[in-house]
Amino acid sequence: MKSFASSTLNLIFCFFVIINIINVDDVSDAADFNVQTGSLRITSPEAIRQTADSAIGDFGVPLYGATLVGEVVVPPTGEERGCAPLSKQLVATSPNMPVIALLTRGDCFFVEKVHNAQQAGAAAAIIMDNVDEGLLTMANPVDNPSVDVIAEKVVIPSTLVAKSVGEAMRGALKEGSRVVVEMDWKESISHPDDRVEYEFWTTSNDGCGPNCERQAAFKRDFKEKAIKFDQGKHTLSTPHFLMWHCTNHESTSSTTDKEGCYSQCIRGGRYCDPTASSDEQSRSEVMGGGGGIKPVLGREVMAENLRQLCLHRNAAQNGQSWVWWEYASRYVDECPATGSGSRGFGRDCSLRVMDDISREFRGAIDLQKIESCVGDVDEDLPHPLLDEESKLQAGSTQRTKVILLPTIMINERQYRGRLDVQSVMHGLCAGFDESTEPAACLSSVIERNECTRDNDFGGCWKSDSAGTFHACLDTFRGYRCECPSGFRDAAGENADLETKGKSCRDIDECDEGTHECDQTCENTVGSYRCLCAPGYRLVLDRACFVSDMCKAFPNGGCGAHATCISDPVEDKRFDGREADGRCQCDDGYVLDPHNIKMCIKEHKFHEGISIGMFVLGSIVVVLLLATIGYSLYKWRLRQHMDAEIRQVLSQYMPLDTTAAAGAAAPAPPREFGDEFTRDFNDSYHEDDTSTMPLGEIRASKKAAVEEEEQRDGNTTNAVVHDMAVVRFAEEDDDDDKDNQDRRGGTTAN
């Protein structure tokens with residue numbers, strides 16, 4: 001007997017299957033969730049013209065942001081339900097008109113009907129309900145491999161309409177009328193602004209069967225575009241994880257049931273994963289792998305789901321929500337359920353992958369914060385992050401309930417369609433406000449260009465039959481009429497949608513002065529062109545630069561007695577040439593060195609000496625004479641000074657410093673006074689020539705001279721004194737040598 005948790009899990013999956021089985025009478029459970037609808041307009045015949053809601057199928061490729069006009073065709077009699085391949089192709093009565101198959105609900109899965117219609121040539125399928133009830137979502141059955149194979153092949157859109165709407169179209173066809181409808185998905189996804197916010201409800205478990213394998217493959221394939229859109233601030237993506245609760249687990253009587261519940265859940269049975277199981281028998285069934293696959297308990301999956309929620313929360317706070325896509329795609333490849341340890345499903349492998357990403361993207365992941373966010377998964381307490389997930393999953397009056405896995409929410413609207421890159425991109429691009437979508441949304445792979453000649457440019461204004469200029473502006477959601485650049489709407493700036501872009505007139509930029517030409521402006525259809533005068537060349541389609549001075553200016557701007565001569569000169573600034581032309585002077589004239597456009601009269605001197613040479617020679621002669629004069633002056637000054645010094649010294653002492661011993665002492669000058677005379681006589685003795693050196697005598701004389709000068713204040717004598725001091729100093733050295741010779745018993749005689 002299976003455990004309580006396994007039984008609960010089967011009930012959940014049964015619920016998923018029930019809402020997709022076509023012959024269910026009670027679908028009240030599906031009413032809790034918002035059925036995504038489009039618009040179906042019957043345009044012909046007039047008798048049944050109406051607009052009705054239609055439920056978008058959860059498979060195939062809904063044409064989000066677009067419309068499809070086609071002719072309704074029913075299968076042959078007896079094949080109206082479309083549960084088997086149709087016996088013949090479905091063909092419209094009008095050439096080139098898309099075929100929209102009308103099928104009746106019952107006997108088989110929705111996806112089988114649509115696949116058979118697609119094989120018969122239908123561009124879309126409408127399935128009419130067989131009971132009077134509210135609309136419901138046509139979804140794929142769960143855990144049905146044969147149907148999964150068919151679903152992967154469906155590439156056309158499909159929709160479910162009420163029984164009354166289907167009967168009206170079928171009745172008109174029986175009467176022989178041609179029924180034309182327009183299937184509209186433009187407002188199926190809201191498009192408020194230039195950023196799309198979307199949620200991806202998934203699981204970290206890659207071993208629960210084909211459904212989980214598709215999710216794992218989508219994470220790998222969509223990673224590049226998801227990261228590019230998030231980094232470019234075009235989108236904001238958020239991962240979410242579906243869960244269930246082991247409610248009233250405290251009152252469970254069976255010990256086995258309690259163990260099963262806890263093995264599926266974390267935090268005391270509060271949060272459980274619906275994709276794994278609690279024992280190996282049920283695990284093989286749920287994971288879809290059978291024998292040989294390593295068991296992954298539900299609590300292990302739930303713990304990893306929580307780690308990824310914490311990782312995204314941390315990355316989003318740093319403005320890097322795209323990091324989750326990098327991690328999730330790597331975890332799928334590096335931590336499979338078949339692995340073990342750091343290479344298998346679980347915490348060890350998760351931390352290793354996070355560490356690798358953190359090093360590669362410079363701290364994009366904070367392991368400590370993530371571990372703190374996860375906390376103890378065995379703690380019997382609520383977790384705030386998982387409580388938020390549970391509330392989002394349950395829905396509210398403003399938000400639909402999430403019960404299918406996977407689920408993509410785009411601008412709070414549930415996406416319906418295939419889980420592949422191109423289909424999801426189509427849904428995301430429909431979420432941008434018109435004309436704000438990124439360039440990737442306008443590629444031919446994602447949308448069809450409706451501004452072509454085949455479509456007559458959407459009925460917008462065109463300049464000619466070829467549409468050289470036209471007002472059709474292609475957008476992801478279709479097109480709109482808007483006069484192109486260089487044209488102005490004839491209806492004015494405030495034209496309504498009915499008249500806008502229907503009539504455009506050329507703007508004459510030259511006449512209105514809005515051009516950017518340097519010289520001449522010439523108007524053209526939708527634009528203008530710039531022209532330059534002779535002697536100028538056009539640069540960067542706007543500016544005019546001189547190319548030939550002789551043509552651009554009268555005589556090239558040369559002055560009198562000059563002629564402009566065209567002579568190209570190399571220049572690397574633009575096209576390898578600068579302005580041609582130079583001024584050539586007439587005979588007898590030369591170019592002015594200060595103005596190369598002016599000519600001055602040429603002056604000649606004798607023997608060919610130019611003015612410059614004459615000036616230079618004059619300067620040299622003047623400098624030479626000045627040098628000679630200055631040298632003579634210095635020599636004469638020195639002679640005069642020497643004479644004055646000798647004259648002064650002769651007044652105080654004999655100039656012959658080698659007088660013989662016994663010579664009479666010279667009389668001291670009278671102007672020194674009696675005191676000096678006594679001192680002088682005392683220091684000079686006829687019979688003593690060796691006791692007092694001549695140097696000391698001269699020092700005494702010098703002191704007397706200084707005292708006298710100080711007494712008289714004679715400035716002239718002071719000058720002479722300074723020169724005498726120099727002479728005394730030179731003679732002192734010679735006197736010292738003479739004294740030493742005399743004391744040593746030698747004399748000069």
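- Taking the charged nitrogens against the carboxylate oxygens, Arg195 and Asp193 have no contact shorter than 4.0 Å, which rules out a salt bridge.
- Donor-acceptor pairing under 3.5 Å is lacking for the side chains of Thr43 and Glu182.
- By the 6.0 Å contact criterion, CD on Glu224 is open, its count of non-hydrogen atoms from other residues, nucleotides or ligands being 12 or less.
- Side chains of Ser358 and Asp355: no donor on one and acceptor on the other come within 3.5 Å.
- The pair Glu326-Lys219 does not count as a salt bridge, with every side-chain nitrogen at least 4.0 angstrom from each carboxylate oxygen.
- Taking the side chain as every heavy atom from C-beta outward, Asp58 and Met138 never approach each other to under 4.5 Å.
- Judged by distance alone, the side chain of Gln414 and the main-chain N or O of Lys401 form a donor-acceptor pair under 3.5 Å.
- The pair Glu112-Arg81 does not count as a salt bridge, with every side-chain nitrogen at least 4.0 angstrom from each carboxylate oxygen.
- Under 3.5 Å, the side chains of Ser204 and Asn305 contain a donor-acceptor pair of N or O atoms.
- Inter-residue side-chain proximity for Asn411 and Pro192 is flagged as met; some heavy-atom pair is nearer than 4.5 Å.
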> Going through the distances and angles, do Glu388 and Arg313 end up as a salt bridge (Lys or Arg N to Asp or Glu O under 4.0 Å)?
Replying inline: CA-CA 12 Å; Glu388 290 180 17; Arg313 175 68 61 90; 3.1 Å; yes

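- Using the six-membered ring where Trp is involved, Phe457 and His470 have ring planes that are parallel, under 30° apart on the 30 and 60° scheme.
- No hydrogens or angles considered: a donor-acceptor pair under 3.5 Å links the side chains of Ser87 and Glu79.
- Electrostatic pairing of Arg178 and Glu71 counts as a salt bridge here, judged by a charged N lying under 4.0 Å from a carboxylate O.
- At a threshold of 4.0 Å, the pair Arg105-Glu133 counts as salt-bridged, since one of the basic side-chain nitrogens sits closer than that to a carboxylate oxygen.
- Ionic pairing of Glu304 and Arg307 is present here: one or more N-O contacts between side-chain nitrogen and carboxylate oxygen are shorter than 4.0 angstrom.
- When ring centroids are compared, Tyr331 and Phe345 come within the 6.0 Å threshold.
- Annotation: Trp325 is in aromatic contact with Phe222 [ring centroid separation under 6.0 Å].
- By the 6.0 Å contact criterion, CD on Glu412 is open, its count of non-hydrogen atoms from other residues, nucleotides or ligands being 12 or less.
- With respect to the salt-bridge test (charged N to carboxylate O, under 4.0 angstrom), the residues Arg453 and Asp456 do not qualify.
- A salt bridge links Arg399 with Glu199: the distance from a Lys NZ or Arg NE/NH1/NH2 to an Asp or Glu carboxylate oxygen falls below 4.0 Å.
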>> Under the criterion ring pair (Phe, Tyr, Trp, His ring centres under 6.0 Å), I'd like the reasoning laid out for Phe432 against His191: C-alpha separation, chi angles, the key distance, then a yes or no.
In response: CA-CA 5 Å; Phe432 292 100; His191 46 100; over 10 Å; no

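- In the model, Thr104 has a side-chain atom that pairs as donor or acceptor with a side-chain atom of Arg170 under 3.5 Å.
- With ring centers used as reference points, Tyr415 lies 6.0 Å or more from Trp201.
- Residues Tyr64 and His426 place their aromatic rings such that the two centres sit no closer than 6.0 Å.
- Checked by atom type, the side-chain pair Ser237/Asp230 shows a donor-acceptor distance below 3.5 Å.
- Checking His240 against Gln393 by side-chain atom types alone, no donor-acceptor pair falls below 3.5 Å.
- Here the side chain of Asp433 pairs no donor or acceptor atom with the backbone of Asp194 at under 3.5 angstrom.
- A salt bridge does not link Lys163 with Asp129: every distance from a Lys NZ or Arg NE/NH1/NH2 to an Asp or Glu carboxylate oxygen is 4.0 Å or more.
- Cys pair Cys460/Cys451: SG-SG separation is not below 2.5 Å.
- Judged by distance alone, with hydrogens and angles left aside, the side-chain atoms of Arg418 form a donor-acceptor pair with the main-chain N or O of Glu152 at under 3.5 Å.
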